[in-house]
Amino acid sequence: MPRILTRERLVPNVHLLEVHAPEVAGKCRPGQFVIVMPDEKGERIPLSIADWDAGRGSVTAVFLLVGTSTRKLAALKAGDEIPVFVGPLGRPSEIGAFGTVVLVAGCFGIGALWPTARALKAAGNRVVALIDAKAEHLAYWKDRYRSVCDRVLFSSRDHALGSEGFAPRPLEKLLEAEAPVARVIAVGCTYLMYASAQATRPAGVKTIVSLNPIMVDGTGMCGACRCTAEGKTKFACVDGPDFDGHQVDWDELFMRRRSYFDDEIRSLCRYEETELP
Ligand code: FES
């Protein structure tokens, strides 16, 4: 079974998981994800790939603590094994020489967008990163982004790190200051991606988002990740996860993501009552 090499807390609500999975590590591309099961009885959940090392045979994912499965993952330690670590899945992000690209990264998306930042810079783009965190102590990998990006800014709801507030406002300003911006790529919670797409819509700047619906198999078989984009039914796991943010049915996505909200709360309560020491 795949063995955990590293599991560490990056900031209070975000953890890093590095897994020995040579067959996955040899094929990873920016924008892809893995499906993980934390234990034999657990559910399958998608985690964006945040890095990989083909030589070491390792794949790194960064995840937000949200429910039972991510709490189980956060309780694992180096040397533990997990029953399922499948990937890489999903279409890789489009990498090309576009010009100026603005990356909007929030919570787990700071990790998920890192391979894209690196690849876009290597492809000759001017790369500007806008890292969104609810507070200064929730931002991580600042130095990593500074090491490859031409400019790194922060948006923070506590106005720390020199920010002017939540991401859409500084993003609108960036579109003017960095004009012409060839594309914006936003990865993070659904609301951050939605708000970023709304901020770029008036200027018509192409905006790519990495959708995060509920997933089960990750291979287009179960239909759990169904969403609507470009007016058509899509499966985020095989048609995405990247989509044009101006052509996503956001209302449907928000509604489908809430489908199991009550069950998730009950599951978390049961886990905390019965399985935590
Ligand atoms: Fe099953 Fe996409 S996760 S179809």
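All values below were derived from every heavy atom in this structure, side-chain atoms included, with hydrogens, water molecules and symmetry-related copies excluded. Counting starts at 1 for both ligands and their atoms, in listed order. Remember, predicted model here, so these are calculated numbers, not experimental data.
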| request: Indicate the ring-plane relationship of Tyr145 and Trp114, choosing parallel, tilted or perpendicular according to the 30° and 60° boundaries. | output: perpendicular
| Just checking, Arg118 and Trp52: is the charged tip under 6.0 Å from the six-membered ring centre and within 45° of the axis? | yes
| Hey, are the side chains of Leu174 and Val184 touching, using non-hydrogen atoms and a 4.5 Å cut-off? | no
Would you say the side-chain atoms of [X] pair up with the backbone N or O of [Y], donor to acceptor, closer than 3.5 Å?
X      : Y      : answer
Arg44  : Val216 : yes
Gln247 : Ala229 : no
Tyr271 : Gly67  : no

| request: Sum up the protein N, O or S atoms located under 2.8 Å from atom 1 (Fe) of ligand 1. | output: 2
